[in-house]
Amino acid sequence: KAQLFSQFSYQACAAAAPNAAGAFLQRPSMSVLAAAARGSRAAIAQRPRALPAMQIVKRGLGETTTGPPLSDFAGNAKHAVEFFTKAPISYREFKQQCLSLRIFAFAGVCSGCALGLFLNPPKSSYWVRMSPSYYVPAVRDALFGSRPPIFLTEKVERATDVPDVVKQLVTTRRLASAGSDSEDEEH
């Protein structure tokens with residue numbers, strides 16, 4: 001009887017209020033995304049249509065490709081020389097002259113910087129160790145062995161007794177083995 005009563009009460013609620021009857025028992029029939037899409041289509045349908053002339057208008061932003069391509073060296077050289085020899089008649093001609101000139105200006109600036117570093121390299125130890133001129137000695141040392149080191153690797157033995165020399169200079173202001181001082185004898 002309890003099962004029959006709950007079935008009957010569910011059907012009665014569904015007949016009385018179809019939207020509230022299965023709110024907790026059934027899944028919604030439309031997602032939020034679908035409802036938003038339906039609403040935006042309805043808003044578009046209510047908007048007045050654009051005039052046919054406005055639908056075919058194309059904006060001209062002036063970004064079309066004119067002049068020789070970047071790989072055409074002779075064509076770009078011609079326009080670059082015209083930058084210095086011929087006054088441009090229109091903005092497009094001036095723009096093409098500038099575009100062609102910047103290729104050679106970039107190459108010239110990069111070459112000048114590289115030549116400056118080659119002729120007068122920085123004095124830092126990093127540049128000395130990583131410069132291209134260091135590669136030749138590094139390869140030579142790897143193949144034929146290294147040269148003797150610049151700094152000492154062991155203590156050097158000398159024949160001079162340094163503590164005795166210091167003692168003589170401090171006490172008598174002269175070395176006993178140096179002989180007589182010729183300047184003192186003349187005066």
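Numbering of residues begins at 1 and proceeds along the displayed sequence.
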S.K.: Say whether, by atom type as modelled, one donor and one acceptor occur between the side chain of Asn76 and the main chain of Pro69 under 3.5 angstrom.
M.R.: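 It does hold such a pair.
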S.K.: Show me the pairs that pass side-chain hydrogen bond (donor to acceptor under 3.5 Å, both in side chains) and involve residues 105-123, at least two apart or across chains.
M.R.: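 Not a single pair qualifies under side-chain hydrogen bond (donor to acceptor under 3.5 Å, both in side chains).
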S.K.: Give every residue pair that meets the ring-ring contact (aromatic ring centres under 6.0 Å, His included) criterion with at least one member in residues 67-102, sequence neighbours excluded.
M.R.: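 Pairs touching residues 67-102 that pass the test: Phe73-Phe104.
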S.K.: What pairs with Val166 under side-chain contact (heavy atoms from CB on, under 4.5 Å), at least two apart in sequence or on another chain?
M.R.: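 Testing Val166 for side-chain contact (heavy atoms from CB on, under 4.5 Å), a comparison that skips the adjacent residues, returns Val162, Val170.
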S.K.: For Ala176, is there any backbone N or O sitting under 3.5 Å from a side-chain donor or acceptor partner on Gln168?
M.R.: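 It does hold such a pair.
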S.K.: Can you tell me which residue pairs pass the ring-ring contact (aromatic ring centres under 6.0 Å, His included) test with a partner in residues 133-176, sequence neighbours excluded?
M.R.: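 As it turns out, there is no ring-ring contact (aromatic ring centres under 6.0 Å, His included) pair with a partner in residues 133-176 once direct neighbours are skipped.
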S.K.: Among all residues two or more places apart in sequence or in another chain, which pass the side-chain contact (heavy atoms from CB on, under 4.5 Å) test with Leu99?
M.R.: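 Residues passing side-chain contact (heavy atoms from CB on, under 4.5 Å) with Leu99: Lys95, Gln96, Arg102.
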S.K.: What's the shortest heavy-atom distance between Glu93 and Lys86, and which atoms?
M.R.: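 Minimum heavy-atom contact is OE2-NZ, 2.8 Å.
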S.K.: How long is the straight-line distance from CD1 of Ile103 back to SG of Cys98, given to the nearest 0.5 Å?
M.R.: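 Reported to 0.5 Å precision, the distance equals 12.0 Å.
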S.K.: So which heavy atom on Ser100 is nearest to which on Ala80, and how close?
M.R.: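 Closest pair (atom of Ser100, atom of Ala80, distance): CB-N, 3.9 Å.
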S.K.: Sorted by first residue and then second, give each salt bridge (Lys or Arg N to Asp or Glu O under 4.0 Å) pair with at least one member in residues 67-78; sequence neighbours left out.
M.R.: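 Non-adjacent pairs meeting salt bridge (Lys or Arg N to Asp or Glu O under 4.0 Å): Lys78-Glu82.
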